Protein chains: 2
Amino acid sequence: MSSSTIELTKSPGAWAPVVHGSLDADQARAFAPMFKALGDPVRLRLLSMIASAGGGEVCVCDLTGSFKLTGPTISHHLKVLREAGLVDSDRRGTWVYYRLVPAALVLLAGLLDVSGAAAA
Amino acid sequence: MSSSTIELTKSPGAWAPVVHGSLDADQARAFAPMFKALGDPVRLRLLSMIASAGGGEVCVCDLTGSFKLTGPTISHHLKVLREAGLVDSDRRGTWVYYRLVPAALVLLAGLLDVSGAAAA
């Protein structure tokens with residue numbers, strides 16, 4: 001478990017949206033790596049493929065064909081997503097299977113919720 | 001207006017959450033810079049300070065005191081947030097004033113919405 005995923009032990013409701021208050025330095029250091037992991041087009045596509053997979057998980061063997069990238073490069077991007085706490089994985093036999101960590105996305109979406117702001 | 005903010009001309013509802021379908025390469029290239037801009041602790045704190053400001057905007061002169069960073073470094077981070085379409089700014093007299101672009105946060109939060117997924 002990466003340090004950032006420690007935050008997931010709090011319920012999403014425990015984190016107020018950014019429109020309701022400033023993040024302190026520790027909170028910002030915890031959340032920034034999760035956003036940074038999403039800040040790459042390949043990783044964003046990989047996350048969306050994993051998140052929208054029927055059956056809730058995807059074999060890495062079904063992810064690589066959508067990109068003009070080597071297997072090791074795809075594996076590196078998947079490792080970044082996993083270390084940020086956005087996806088989880090299991091090795092079964094030859095292949096590694098990836099699945100979304102929904103609580104992580106709930107957390108980030110909650111931070112970006114502007115519905116309570118007058119400007120929204 | 002940066003290229004990424006072109007996406008805001010579509011209503012948030014036009015973008016399905018990632019749990020409902022994979023992003024294509026063009027969509028991922030448009031959204032990744034917005035997440036990347038949030039992927040730094042200083043920028044995440046700056047965004048939260050701007051987003052939660054009473055009155056809807058913040059003078060850059062009120063942002064710098066919270067960081068052990070030089071003015072030019074803070075200005076660089078604010079420029080990254082602005083170029084990603086997350087904040088907007090106006091120069092009035094000596095100072096630059098920053099305000100949130102709520103539609104950008106609505107867009108990103110919508111992408112991360114897992115409420116429609118079975119796993120959520």
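It should be emphasised that the depicted structure is a prediction, and the values quoted were computed from it without experimental measurement. Here is the naming used below: chain letters follow the sequence lines, and residue numbers restart at 1 for every chain.
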Checklist outcome for this item: Which of A:Leu108, A:Leu111, A:Leu38, A:Leu112 passes side-chain contact (heavy atoms from CB on, under 4.5 Å) with B:Leu108? Answer is A:Leu112
Checklist entry - Has the side chain of A:Arg82 got a donor or acceptor atom that lies under 3.5 Å from a matching backbone atom of A:Gly85? => result no
Next on the checklist: Taking side chain as everything from C-beta outward and backbone as N, CA, C, O, which of these in A:Ala25 sits under 4.5 Å from a heavy atom of chain B? Side chain, backbone, both or neither.
Outcome noted: both
As an exercise: rank [options] by heavy-atom pairs under 4.5 Å with chain B and give me the winner.
{"options": "A:Leu46, A:Asp24, A:Ile50", "result": "A:Asp24"}
{"options": "A:Arg99, A:Arg45, A:Arg43, A:Met49", "result": "A:Arg45"}
{"options": "A:Ala32, A:Gly21, A:Ala28", "result": "A:Ala32"}

Next on the checklist: So which atom in A:Tyr98 and which in A:Val96 form the shortest heavy-atom distance, rounded to 0.1 Å?
Outcome noted: CE1-CG1, 3.6 Å
Item to check | Where at least one partner belongs to residues 46-65 of chain A, residue pairs that pass salt bridge (Lys or Arg N to Asp or Glu O under 4.0 Å), sequence neighbours excluded | outcome: A:Glu57-A:Arg92
